[in-house]
There are 2 protein chains.
Amino acid sequence: MSRIKRVTAQDVAEAAGVSRAAVSRTLSNNGYVSPAVRARVQAAADKLGYRVNYLARGLNQQRSDIVGVVVADIDSSFRACQIRHLTETLLQYNYRPLLIPTGEKRDCSQVIDMLMHYSVSGVIITSDTPPAEIYTNCIEHQVPVILINKADQHPKVDRVLCDNAKGMELLLDYYQRHHCQRLVLVTTAGNSYSIREREHLFSRQVSMPYEVIRVARHDYQGGVEAGQKVLELTGQPDGILCLNDYLAIGVIDVLKASLSKQVLANIRITGFDDMAQAGWLNYQLTTVHQSCESLAATAVKLLQRRISHPQATEVAEVIDVILVERDGGQ
Amino acid sequence: MSRIKRVTAQDVAEAAGVSRAAVSRTLSNNGYVSPAVRARVQAAADKLGYRVNYLARGLNQQRSDIVGVVVADIDSSFRACQIRHLTETLLQYNYRPLLIPTGEKRDCSQVIDMLMHYSVSGVIITSDTPPAEIYTNCIEHQVPVILINKADQHPKVDRVLCDNAKGMELLLDYYQRHHCQRLVLVTTAGNSYSIREREHLFSRQVSMPYEVIRVARHDYQGGVEAGQKVLELTGQPDGILCLNDYLAIGVIDVLKASLSKQVLANIRITGFDDMAQAGWLNYQLTTVHQSCESLAATAVKLLQRRISHPQATEVAEVIDVILVERDGGQ
DNA sequence: TTGTATGCGTTATCAG
DNA sequence: CTGATAACGCATACAA
């Protein structure tokens, strides 16, 4: 195989008339090197267009600066937003995001196993139900793990969580302020942490009578199914609290198709997450906003902390939320 | 620095009582090795839980099996779908997707440069306006480049394209079949290849009088802006051909808010791409469907081809499209 | 068919 | 402060 000519540290060293070691020390800012040599090395490196080979460095240092980003449902709006900010932030801090989508089919534990053999610097998990195998695998290889919106508590595994409690409080306060009499909770049967947690908080904090509609999926289709169940109720509720925006939007679409504008105007529907579509004219959904930016920033901050202090006790940082009141498209 | 104990080929070799070379040959299926030895090596490798170190292999082979996926607007629905299928397909074929989001701010050429130093096996670009620098950089390093829905034609750079021509034909045929008299084209002023190409094809193939509404952005906001301009027209058109689904949905939302159901029912609005929201009850958008699955499959197929035949002449594969007729939510 | 020896490009250690 | 040298873990030409 014909090997491609690359600019190597050796080349720079020769051009600058110094040793490889001096080059390494200069460019990694690690170790003593005289200003004179430093200048010569810099000049030579720039002229030759030298950049370190990350593979070689990774092999040597046992860490590649690659960060595995494990995520389910990439094509759901909110997740896509998370991914975008996570990858942007990682790059900004000189990590490289290796994206691992986890479908139902794919055996993601195998993929995770693969990650270990890249000497990844860390793994950020946004998947809904990460197999326990991931932890054992990562811990065994001493790879930092950051969990986003996950229940699981593990030693040395940091987490960043959306403030579901505050969000639910804001929503319930919203319904109370508007003197809602008959509330319906739309939730799902799946094992998504966010949904489970919000449902739990709801039932603990709610102080008015309510009914529950439970559907299988937590996406738009689930919302449609929920909307149909709403129509089957005897009489209309005046409040429908949906545990995420997709559910709310599905409900809205079904109700809009079957109910008059007047009737609909008296039903307050809310969501959770504030994904892009919540702001669309047709929905103008009142919902709880969680910032993907600060979520990403916090995740990467925790990752860096754990990389430099592998033995620190685990922490769980909570991301603030706010209520976004919209007029429901009226 | 305390180094983590890893299972290395040497360990396997000792456990199996053979040389490192025999282990390498067995596991990479490259070179001759007797069945007996092969079995012993396999057994030892399994028992010890050995997996090759991709960094070391990459350093040696000058290719890391990492594939850079460069993409703008991750959080747009259709792009997210592309990403999902691209990454899934890449993993399926034993590549690892390194995700590079390109914003307006970020200087992505720097990031691309970084990719080169991972000895990436290839780069797949879905960004709308990839800087020319990318090509020169990749070609210089002899890294395969696959372009998705891009105009740029470069030697040794393969492309996969959506069949915009057929799509436009289907749409115009649709309007003709329904005896549309007054058509409005909604397009943008940006330099997105898909939009530009579709607009060009439209003007070449259209055989009825039409008006043009041009907005700045090609996202939902652009659609809203377009919708407002539609309302300013003297009299309503009976057809609005939008060059992507986002534009169409924005237009629909504005018109729904201002026009009566009856008037709206006489306006045929169409999009392009068939993103998830096009199928939502509220929109039921007639649009041109392009399959992200086959797009991803084709991209990876071309990538593999170029990896094994770096000097092959470039090709452009076209992905078939179909018209998805929906009732517009009536 | 197998083992030996060498290179891949860095960084870290240890003399000088 | 600097330069030789040994890892890092793998693949492969070459010799046996």
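Reminder, nothing fancy here: chain letters follow the sequence lines and each chain counts from 1.
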Find the distance [X]:[atom1] to [N]:[atom2] and express it as a whole number of Å.
X      : N      : atom1 : atom2 : answer
B:R57  : C:dG9  : CZ    : P     : 18 Å
A:N53  : D:dG9  : CG    : P     : 16 Å
A:H117 : D:dC8  : NE2   : C1'   : 16 Å
A:Q10  : D:dT5  : CD    : P     : 13 Å
B:R20  : D:dA13 : CZ    : C1'   : 15 Å
A:R63  : D:dC8  : CZ    : P     : 18 Å
B:D11  : D:dG9  : CG    : C1'   : 11 Å
A:L59  : D:dA11 : CG    : C1'   : 13 Å

Original post:
Between C:dG9, D:dC8, C:dG3, which one does the side chain of A:Q62 approach most closely?
Top reply: D:dC8
Original post:
Considering only side-chain heavy atoms of A:Q61, which listed nucleotide, D:dC10, C:dA12, C:dG9, is closest?
Top reply: C:dA12
Can you name the residues that form a salt bridge (charged side-chain N to carboxylate O under 4.0 Å, His left out) with [X], not counting sequence neighbours?
X      : value
A:D320 : A:K166
A:E314 : none
A:R159 : none
B:E14  : none

Subject >> Interface residues of residues 22-42 of chain B with DNA chain C (non-hydrogen, below 4.0 angstrom) >> reply: B:A22, B:R25, B:Y32, B:V33, B:S34, B:V37
Subject >> Residues from residues 45-52 of chain B lying under 4.0 Å of DNA chain C - heavy atoms >> reply: none
Got a sec, which residues hit side chain to side chain contact (heavy atoms under 4.5 Å, CB included) with [X], two or more places apart in sequence or on another chain?
X      : value
A:P144 : A:L303, A:R306, A:I307
A:S192 : A:D128, A:S194, A:I195, A:H218
B:A151 : B:Y193

**OP:** Using a 4.5 Å cut-off on heavy atoms from C-beta on, say whether the side chain of B:L147 contacts that of B:Q153.
**Re:** no
Original post:
Would you say D:dC8 has OP1 or OP2 under 4.0 Å from some side-chain N or O of B:T8?
Top reply: no
Acceptor/donor pairs from residues 46-58 of chain A side chains to any protein atom, 3.5 angstrom cut, sequence neighbours excluded:
residue	atom	partner	partner atom	Å
A:R51	NH1	B:D113	OD2	2.9
A:R51	NH2	A:Y54	OH	3.1
A:N53	OD1	A:L55	N	2.8
A:N53	OD1	A:A56	N	3.2
A:Y54	OH	A:R96	NH2	3.3

**OP:** Applying side chain to side chain contact (heavy atoms under 4.5 Å, CB included), run through B:V41 and B:L27 and close with a yes or a no.
**Re:** CA-CA 8 Å; B:V41 169; B:L27 272 60; 3.6 Å; yes
**OP:** Have a look at A:A9 and say if it touches a base, only the backbone sugar-phosphate, or nothing, with a 4.0 Å heavy-atom cut-off.
**Re:** sugar-phosphate
Subject >> Point-to-point distance, once rounded to the nearest 0.5 Å, from CG of B:L295 to OG1 of B:T126 >> reply: 7.0 Å
**OP:** Specify the angle, to 10°, made by the local axes at the two ends of the helix from C:dT1-D:dA16 to C:dG16-D:dC1 when five pairs are taken at each end.
**Re:** 40°
**OP:** Let me know, please, whether B:A21 or B:A56 comes out on the 5' side of the other along DNA chain C by nearest nucleotide.
**Re:** B:A21
**OP:** Mind checking side chain to side chain donor-acceptor pair (under 3.5 Å) for B:R40 and listing every partner two or more places apart, or none if nothing turns up?
**Re:** none
